[in-house]
Amino acid sequence: MTTALVAGLLAGYGIAVPVGAVGTYLVSLTARTSLRTGVCAALGVATADGLYALAATLGGTALASALRPVLGPLRWVCMLVLLALAAWGAVTAVRESRGHRLATRTAPAPPSPARAYLGLLGITLLNPTTVIYFAALVLGAQASGPAGLLEQGVFVLAAFAASASWQVLLAGSGALLGRALTGRRGRLATALAASGVMTALAVRMALAPG
């Protein structure tokens with residue numbers, strides 16, 4: 001259970017920490033509206049991450065059972081997927097940092113807390129990187145050995161809690177911290193940190209027995 005908890009926390013933080021378009025909008029939304037609206041929007045992002053973790057866990061379990069004879073090589077494929085996502089995130093962050101390409105868009109009218117929650121939920125669900133990320137993690141874990149329902153539940157809840165804690169912190173950080181995180185250096189630092197987490201997960205997967 002402890003292993004599932006740690007894996008879920010690492011997975012949640014790994015996908016949540018990069019401050020991209022969603023994180024930037026979350027900070028600016030909180031600054032323009034209220035902490036309540038920002039927290040609701042943050043929980044919308046975390047809910048999407050939790051749903052993807054649940055879907056990947058359930059789908060990963062079924063797929064792992066069907067492909068059990070090739071799960072050994074599949075673990076290495078999943079490890080390469082995680083390393084590729086880590087490298088892609090780091091390269092993109094460095095490229096944007098060097099090019100100083102910070103998007104400036106006209107902000108729409110501030111939504112209500114309920115609309116903020118649903119809006120951020122929908123936006124995050126449309127991100128294909130999230131489902132690829134969680135599917136690779138779960139399939140890699142399945143290759144190391146079967147996980148029970150309790151472990152799967154702990155993984156999903158831990159991933160949701162990790163994502164929620166970061167998103168709520170981001171929403172409540174205030175204007176000063178918001179500018180720091182969404183500025184050129186802040187975006188680069190958070191993206192590189194997340195790439196480091198993904199790389200650590202891939203290494204942990206490679207060193208797992210079996």
Side-chain angles (χ1 to χ4, degrees), residues 5-56 85-86 89-90 92-93 96-97 101-131 133-134 137 154-198 201:
L5 176 63
V6 173
L9 290 174
L10 287 175
Y13 283 121
I15 197 63
V17 166
V19 180
V22 174
T24 303
Y25 176 72
L26 179 58
V27 171
S28 63
L29 175 66
T30 307
R32 289 185 294 110
T33 56
S34 65
L35 180 60
R36 179 187 177 190
T37 299
V39 169
C40 288
L43 291 178
V45 177
T47 299
D49 288 342
L51 289 174
Y52 266 139
L54 176 61
L85 288 174
T92 300
E96 290 183 352
S97 177
R101 295 183 298 175
L102 296 178
T104 55
R105 303 177 181 177
T106 302
S112 65
R115 287 183 57 192
Y117 174 85
L118 294 175
L120 270 294
L121 171 64
I123 290 174
T124 309
L125 285 175
L126 293 176
N127 183 7
T129 302
T130 307
V131 68
Y133 173 78
F134 279 117
L137 283 178
V154 169
F155 174 84
V156 173
L157 290 177
F160 169 80
S163 177
S165 65
W166 174 258
Q167 302 299 342
V168 170
L169 175 64
L170 194 61
S173 60
L176 180 59
L177 184 57
R179 285 194 294 270
L181 286 178
T182 57
R184 180 170 59 90
R185 293 181 179 178
R187 288 163 66 94
L188 176 62
T190 55
L192 292 179
S195 294
V197 171
M198 291 184 190
L201 287 169

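Each residue takes its place number in the sequence, starting with 1.
Of all the heavy atoms in Leu26 and Leu170, the pair that sits closest is CD2-CD2, 4.1 Å. The shortest heavy-atom contact between Pro113 and Arg36 is CG-NE, 4.0 Å. Taking all atoms of both residues into account, the shortest heavy-atom contact from Ala53 to Phe155 is CB-CE2, 4.3 Å.
With sequence neighbours left out, Ala116 forms a side-chain contact (heavy atoms from CB on, under 4.5 Å) with Leu29, Thr37, Ala41, Pro111. Qualifying side-chain contact (heavy atoms from CB on, under 4.5 Å) partners for Leu43, counting only residues two or more places apart in sequence or in other chains: Val39, Tyr117, Ala164, Val168. Residues passing the side-chain contact (heavy atoms from CB on, under 4.5 Å) test with Ala161: none are found, sequence neighbours excluded.
The shortest distance between side-chain heavy atoms of Ser165 and Tyr13 falls below 4.5 Å.
If you take CG on Leu121 and CG on Asp49, they are separated by 10.0 Å, rounding to the nearest 0.5 Å.
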